[in-house]
Amino acid sequence: MTIPQESIFKARSLTKVYDMGEVQVQALRGVDFDLYAGEMLVLLGPSGSGKSTLLNILGGLDRATAGTVAYRDLDLSHANEKQLTQYRRRHVGFVFQFYNLIPSLTAKENVAAVTEIAENPYSPEEALKLVGLEDRMNHFPSQLSGGQQQRVAIARAIAKRPAVLLCDEPTGALDSETGVLVLEAIDTVNRTLGTATAVITHNADISRMADRVVHMSNGHVQSVDVNAERRSPRELHW
Amino acid sequence: MRALDRKLFRELLGMKGQALAIAAVVAGGTATYVLSSSTLDTLQGSQARIYREFRFASVFANCKRAPRQLLERIAGIDGVQAVEARVAVPGNLYLPEFPDPVTAQVLSLPDSGQPLLNRLHLRSGRLPEYGRDQEVVLSDGFASAHKVQPGVSFTATVYGRRRKLTVVGIASSPEFIYQLQPGSIIPDFKSYAILWMNREPLEAAFNMKEAFNQISLEVGRGGSPEDVILRLDRLLAPYGGQGAHTRRDQISHRYLSEEFRQLKQMATVFPVIFLAVAAFLLNVVITRLMATQRSQIAILKAFGYTTPAIVIHFLKLAAVIVLIGVGMGIAAGTWMGRGMVTLYMEVYRFPYLDFVLRPGVVAGAAVIALAAAALGAVQAVIQYASEAPAQAMQPASPGLYKPTLLERLGLGRGLTQPTRMIWRNLERRPWKALLSIAGVAASASILVMGGFWGDAVDFMVLFQFQRAQRDDLTVTFIEPISEKALYSLVSLPGVTYIEPMRTVPVQLRNAHRTYRTTLQGLDNGGDLRRLLNTQMAVTELPPEGLVITDYLAGMLAVKPGDRLTVETLEGRKAVVEVPVASLVKEFVGVSAYMERGALNRLLREGNSISGAYMAAERERSAEIHKRLRDMPVIAATSARARILQSFYETMARQMLIFAFFNTILAATIAIGVIYNTARIAFSERSRELASLRVLGYTRGEISYILLGELAILVLAAIPLGLWMGNRLATFMANSMQSDLFRVPSVVTPWSYSFATLIILIAAVLSGASVRRKLDRMDLVEVLKTRE
């Protein structure tokens, strides 16, 4: 697959310093980063390397200390709270390690929570079908396994037809067999909908399903690899 | 400090807002308990001491005129330890700078000065010297209301005779701790005085040489007051004896007893409400705290801490919060108690009041509050502390939810997801929701009750002074005189209209039930003095038969159509059977009425009258008072405007103070419940709400979920609370029914609105504080951590 060159995210000299009282933690130290339309990208690195911080800044959950980051024409580094909320509402889908589903809503309703506030979304049914959960739509989170809950989270993230899907350790809390199912769902979304996807992991094996792999360490982008061939999650082992 | 105690201390600091809110509720309960208990102890203790010290009599009797020789025989009655007889005469005082009429009760002092019983407590000056006929001792309430010092002279009419009197002393008496003008319920120190003067001049003025018309006895330990009364009544009967009574029917003592009863009630009702709410709040807060600390508890247990050690650790936390509240409550209660005692001193003329705070009350407050805390916390603590460590270290599984009843009925179609979340959360823990509602409702009910006092007083005033009694002036004669006297009254300049009345003291009897009251003869078609039936409509007197207050009918167990035995206690002692024609409503005292002509026929007296109601031009009232003073037949004059004014002067201050504390206490509960509910909801659901924020929900949209739930609880609580307040007011009103007065259970829309407003303000403040927390929520932090 050829890599399209339209850049959705453009980050330059991104720095993030966490002020933890007496100590300052430098999470990002001048990161340059691009995410292209439609690509599958894996952010790889040990914990503390800055990958979650980068993802949170891209997703509008956090702000950089210095440097610039833009989503298409939107300057995220100078956006206010309201603009960031609108940005998340329209353009970004998130998947976290701990699913973060709403326990009082069924799978379908969890998705509907997003479709109700989005413009031109998929129907909850369509979104859940995409992750293979059409027969579990009316189950509450307490009635679903961890892998199923995570797939609901993916359906919820993509139901608004976001331009990007950001996944932070989506398989971190799952065994490998269930993890594969979840990665397959993410892979399907990327391939069929063309949603640019960034997946954080510290599991090197998972990077084989990506178009590009960004290696991070100690707040820097260490290297960027381009995979000659994208593997399907079924072929991965860990 | 041990590590666990340090943990406790830091956690307390971390939840200081919630801890403080609970402590404030505990403080409210403790304060009302300490306030009412210490006030009660102070009043009862001082009363007992004063009664002892100033030898308050145990049996009292009035008669028309008995010779002093009779005293020996009275002293000889078995059980009688001391006897004190005196002459009591009605009088009027004239103060140059006070235009309104002042009524006085003039009492004789024995030749020795201090009476044997009901001794005077001289606040300043001295007793009249033997032979100084113009010297008087003045009651302290009147003296301080008019700033009169010994040495001041004024004019008085005593039994129709004018004389100049000089104040030589200011005193109080155990007999007149509550100084009440007959017929009123609130003391008016400006227009009612008690005078003590030497026996001889008073006997001479009243034509009572070597005679008496009031007597009090002290019955010794072994004696029975009932037996003494029986013998005394027999001895006094030939001399116009009106029947002796014990302290229980002594007016000042009765009002004090009523007050004590109310204080006792207050010492129970309020603390129970507050501590129940505190127990509930502690339960909710401790449960939540333990839920967030599940894994910590597991680790402590893994390290070898025993379950009891952990139970005690968390109970200590509850105990610390409660003890802070108890401390605050004792301080506030003591402070308010001292204020209350000062306030009491204004109304009740105790010679002294020593504020008492018994250690037992303090200890009791602490024990009761701790028991409430234990009740609230124990179940939650034991449940979490006994969980197996391995299980506790697992992440909690998502809460179990199901569609709400509304949705199962198919009515949930149009609901947005946030609305669904609100309803499902409420339905998931219905008990918690119901208890929150009950807590807020309790606070609303206390607020309604606070308003009720003012409403009741307003209603009584409206009823009594605008609908029933509409005269500007009431005059009573020294003794019944001919109707012709009306001509001289109506011809006074400024008097526009006049209605005569005839009153006679009577004893009403139905089998073994008796009640002594005044029977009033009124003319039909009157405009100044009207009777209102139980529907509060003006009613006419029947040509024959009695009309009595509904409460009196209850006391005597009669209904319209039944017959009552009427024994007149004045003049020709008639005993006749009279049917009860109808009932009337009255809130002050209990009276009986008859058509004046019918009453006069009963008394076989011709058309005599005892007094008159008058309408007068306001601007000429000073002139009218002046002219009335010069009429020797007039025993007393009272002005309606003055009664109303004094009523509100005394009541308004008390009401204001009461309403102020009441509102603060109720608001404490409201804020305590709403704030804690909101804080816990925030803590339990911050993860969900953060997820929604990440999904693109705005701050306003997620606030809706949390604050919407709160709003439902508050909106459900308000009507319930208003209803509860109404019930509580009725309960309070019913518990205060007596023949002295009845409190109508009226609550005006204004009081309901005020209660609603305070609850809404409390809700908005609590909501705003949680909203601030929502706005400051760190999304990344919340979502990264495992619940």
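Treat the numbers as computed from the prediction; the structure is a model and nothing was measured. Chain identifiers are assigned alphabetically (A, B, ...) following the order of the sequence lines, protein sequences preceding nucleic acid strands; residue numbering begins at 1 within each chain.
- Neither the backbone nor the side chain of B/Arg428 comes within less than 4.5 Å of any heavy atom of chain A.
- If you measure heavy-atom distances from B/Ile422 to chain A, you find no contacts under 4.5 Å at all.
- With a threshold of 4.5 angstrom between heavy atoms, A/Glu116 approaches chain B through side-chain atoms but not through N, CA, C or O.
- Across A/Gln149, A/Lys160, A/Glu109, A/Glu169, the residue that shares the most heavy-atom pairs under 4.5 angstrom with chain B is A/Glu109.
- At a heavy-atom cut-off of under 4.5 Å, chain B is reached by A/Glu81, A/Thr85, A/Gln86, A/Arg88, A/Arg89 from residues 79-91 of chain A, listed in order of number.
- When each of A/Val114, A/Asn100, A/Ile102 is tested with B/Leu692 by the rule side-chain contact (heavy atoms from CB on, under 4.5 Å), just one qualifies, namely A/Ile102.
- Neither the backbone nor the side chain of A/Gln143 comes within contact range of chain B; no heavy atoms are under 4.5 Å apart.
- Here the CG atom belonging to A/Leu105 is positioned 9.0 Å from the OH atom belonging to B/Tyr401, to the nearest 0.5 angstrom.
- Interatomic distance, CG of B/Leu779 versus CG of A/Asp62, reported as 9.0 Å (0.5 Å rounding).
- Taking 4.5 Å as the limit, some side-chain heavy atom of B/Pro403 sits within range of a side-chain heavy atom of A/Phe140.
- A/Ser104 pairs in a side-chain contact (heavy atoms from CB on, under 4.5 Å) with only one of the listed residues (B/Arg420, B/Gln417, B/Arg424), which is B/Arg424.
- Counting heavy atoms from C-beta on, the side chains of B/Leu695 and A/Phe94 never come closer than 4.5 Å.
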